[in-house]
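Just so it is clear: chains get the letters A, B, ... in the order the sequence lines come, proteins before strands, and each one is counted from 1.
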Number of protein chains: 2
Amino acid sequence: MSAQEENVLPMGMFMDLQRSGPIPLYFQVSQRIEKAILSGELPAGSRLENEVALGQRLGLSRPTVRRAIQEIVDKGLLVRRRGIGTQVVHGQVTRKVELTSLYDDLTNTHKVPSTHLLTLETQGADAKTAERLGVQEDSPTLHIRRVRLADDVPVAVMENWLPAEFIGIEPNELVAHGLYQVLRSRGVTMRVARQHIGARKSTADESALLEIEKNSALLTMDRTAFDNSGRAVEFGQHCYRPDLYSFEVTLVEK
Amino acid sequence: MSAQEENVLPMGMFMDLQRSGPIPLYFQVSQRIEKAILSGELPAGSRLENEVALGQRLGLSRPTVRRAIQEIVDKGLLVRRRGIGTQVVHGQVTRKVELTSLYDDLTNTHKVPSTHLLTLETQGADAKTAERLGVQEDSPTLHIRRVRLADDVPVAVMENWLPAEFIGIEPNELVAHGLYQVLRSRGVTMRVARQHIGARKSTADESALLEIEKNSALLTMDRTAFDNSGRAVEFGQHCYRPDLYSFEVTLVEK
DNA sequence: TTTGGCTAGTTGTCATGACATTATCAGGTC
DNA sequence: GACCTGATAATGTCATGACAACTAGCCAAA
């Protein structure tokens, strides 16, 4: 017998769906399944009930069930095989990285984030910033430089440039909230972000800010974020203490 | 007038679809649109023809067109807005990172990859390896250690552990091809990979192998890869010269 | 024993139709 | 001129139906 016995779990959940509410049905289903996987109710390697049966039992059409399952496949928690079925991926499950800021990351891991605001000024865009933000060179941008701390220990030095429309942002906003929270409260919804992750040695300035030795190894991340109209709303160059922070990425082959 | 004039481009492509072939229709459409974006035929900020019209012109149903567009949205090249339409994201487009190996990355960027094989042995799994691969501790695994070079310059030191079924892999395979190519040729299809990206200082050994100074900054990546049945097929701990390699990640908010 | 084919089960693809939700814009009213 | 209102247009959601492609397992034949 193969080592991967595959229990067909019928997912005996009654799942009271609210059909009139604003929450899509496929989302309600996918949330419920994801929760079942993360809680261990659906163990690694177990098979999911097939799409048609699941749809019948829930009173949903197959496309809706399919979409719910697809959501979780995209998260890397489920694997589909034609002719076979859908299985839970092996390996301990860990929550994936979303389009969030470091501030959100820290609150999610039950650390207390805080911010030291080093710089908040209007600055003409240099060539690189102009290209990343898609604005004219020398046009005004908001330049921010911050140190992010978790439980009063410095974790990252973050430098951002924002388009002119955000120049009114106040220092106390940035101290009390993450940059992404501030942008969201101004009606901006981030949709796409392109990141480059690398490493280099720390400068004397960075070493002092992060309270580490000179010429330590730093984890760096450059990011350009776009809102739902496709326009660049933020360009940032950040560096992290590698002993306190790392990136987690889940890749799924189509 | 706003700076983002939005030309409605009707995508005047005739797109001869092959309906009988094995290639899905939605895939043919999405490939064509992506190519149009990357080639500049659909410039940044331009609007796409709406779904129903596009479907009618191509003789396709709306779900098929929708799926084609969704593929490109997931890649971060398009942005949809309800009530508005679908637009090309601003910013220079760069190809995203797929589920590939460093070997594939290098060939895609027209560098000549080569490999120095340092270690190829059978080894009992330690606690960490056993957990990552989902096998018993002390069970046999294939242990590989390699240096990857691009144009004869060392780029990375790569250490991998594979389950027992791959113990037959020959040294010449690993020198001539990337590990993922070898696995694919053995019928393994990778589906999901979980990666952790960090940084640290180099050891004396690594410094010599990568031809860099001692205590340089290194970019590190740990990865566990799963095949289409959800079983772990590879666990690796790699480190890269940060002046020659970095990671690119595109995040898309759902 | 081995090989081959058949069958049942499951996901993959595609079409058609309908209604809901949201943003824009023009026009009328105060 | 400012504000409300409706029409218009586009994507978001969901149902139903059908066929294709792939896999595993059973069974019969060589």
Side-chain angles (χ1 to χ4, degrees), chain A residues 1-2 4-6 8-11 17-30 46-74 78-87 187 189 191 227-230 253-254, chain B residues 1-2 4-6 8-10 17-30 46-56 58-74 78-87 187 189 191 227-230 253-254:
Chain A
M1 177 183 293
S2 144
Q4 52 166 8
E5 33 254 272
E6 300 159 0
V8 178
L9 289 204
M11 304 234 316
L17 301 168
Q18 48 178 120
R19 306 188 84 93
S20 57
I23 306 155
L25 293 172
Y26 74 87
F27 188 77
Q28 296 182 44
V29 176
S30 72
S46 63
R47 272 180 55 193
L48 213 64
E49 193 177 358
N50 78 68
E51 295 172 352
V52 268
L54 192 54
Q56 242 172 359
R57 195 158 59 73
L58 298 176
L60 295 173
S61 71
R62 196 180 152 212
T64 303
V65 175
R66 248 185 99 69
R67 174 150 187 195
I69 295 176
Q70 190 61 46
E71 296 272 319
I72 310 169
V73 171
D74 290 339
L78 287 178
V79 172
R80 329 177 83 141
R81 277 191 295 171
R82 179 190 296 203
I84 305 296
T86 307
Q87 285 176 283
T189 54
R191 272 295 172 75
D227 70 357
N228 56 6
S229 75
E253 186 79 1
K254 292 282 181 71
Chain B
M1 177 181 294
S2 145
Q4 51 164 17
E5 34 254 270
E6 301 158 0
V8 178
L9 289 204
L17 303 167
Q18 49 179 123
R19 306 188 84 94
S20 57
I23 306 155
L25 294 171
Y26 74 86
F27 188 75
Q28 296 181 44
V29 175
S30 71
S46 62
R47 273 180 53 194
L48 214 63
E49 193 178 356
N50 79 67
E51 295 172 352
V52 268
L54 192 55
Q56 243 172 357
L58 298 176
L60 295 173
S61 71
R62 194 178 154 213
T64 303
V65 174
R66 248 185 99 69
R67 175 151 185 196
I69 294 176
Q70 190 60 46
E71 296 272 320
I72 309 170
V73 171
D74 291 338
L78 287 178
V79 173
R80 330 176 80 138
R81 275 193 294 171
R82 178 189 298 206
I84 305 294
T86 308
Q87 287 176 281
T189 53
R191 271 294 171 76
D227 70 358
N228 56 6
S229 76
E253 185 79 2
K254 290 284 181 70

What pairs with [X] under side chain to side chain donor-acceptor pair (under 3.5 Å), at least two apart in sequence or on another chain?
X       : answer
N50(A)  : none
Q70(A)  : D74(A), R80(A)
D227(A) : S229(A)
E71(A)  : none

Completion exercise
Footprint ends on DNA chain C, 5' to 3', for atoms under 4.0 angstrom from a heavy atom of chain A, come out as dG9(C) to dT13(C)

Handout entry: Neighbours of DNA chain D within residues 60-72 of chain A, by heavy-atom distance under 4.0 Å
Key = L60(A), S61(A), R62(A), P63(A), T64(A), R67(A)

By side chain to side chain contact (heavy atoms under 4.5 Å, CB included) - contacts of [X] (at least two apart):
X      : answer
P24(B) : Y26(B), F27(B)
S61(B) : P63(B), T64(B)
R82(B) : none

Practice task
Using atom CG of L78(B) as one end and atom C1' of dT11(D) as the other, report the distance to the nearest whole Å.
Solution key: 13 Å

Fill in the blank from the handout: When rounded to whole Å, the CZ to P distance for the pair R47(B) and dA9(D) reads 12 Å

Completion exercise
Note: for F27(A) and V52(B) on DNA chain D, the residue whose nearest nucleotide lies more 5' is V52(B)

Practice task
Side-chain contact test, heavy atoms from C-beta onward, threshold under 4.5 Å: evaluate it for V73(B) versus R66(B) and give yes or no.
Solution key: no

Exercise for the section: Would you indicate what G55(B) reaches in the nucleic acid, counting non-hydrogen atoms under 4.0 angstrom: base, sugar-phosphate, or nothing? Expected result: nothing

Produce the list of close N/O pairs, under 3.5 Å, pairing protein atoms with atoms of nucleotides 21-25 of chain D; give distances to one decimal.
unit_1  : atom_1 : unit_2 : atom_2 : d
dA21(D) : O4'    : R82(A) : NH1    : 2.7
dA21(D) : O3'    : R82(A) : NH1    : 3.1

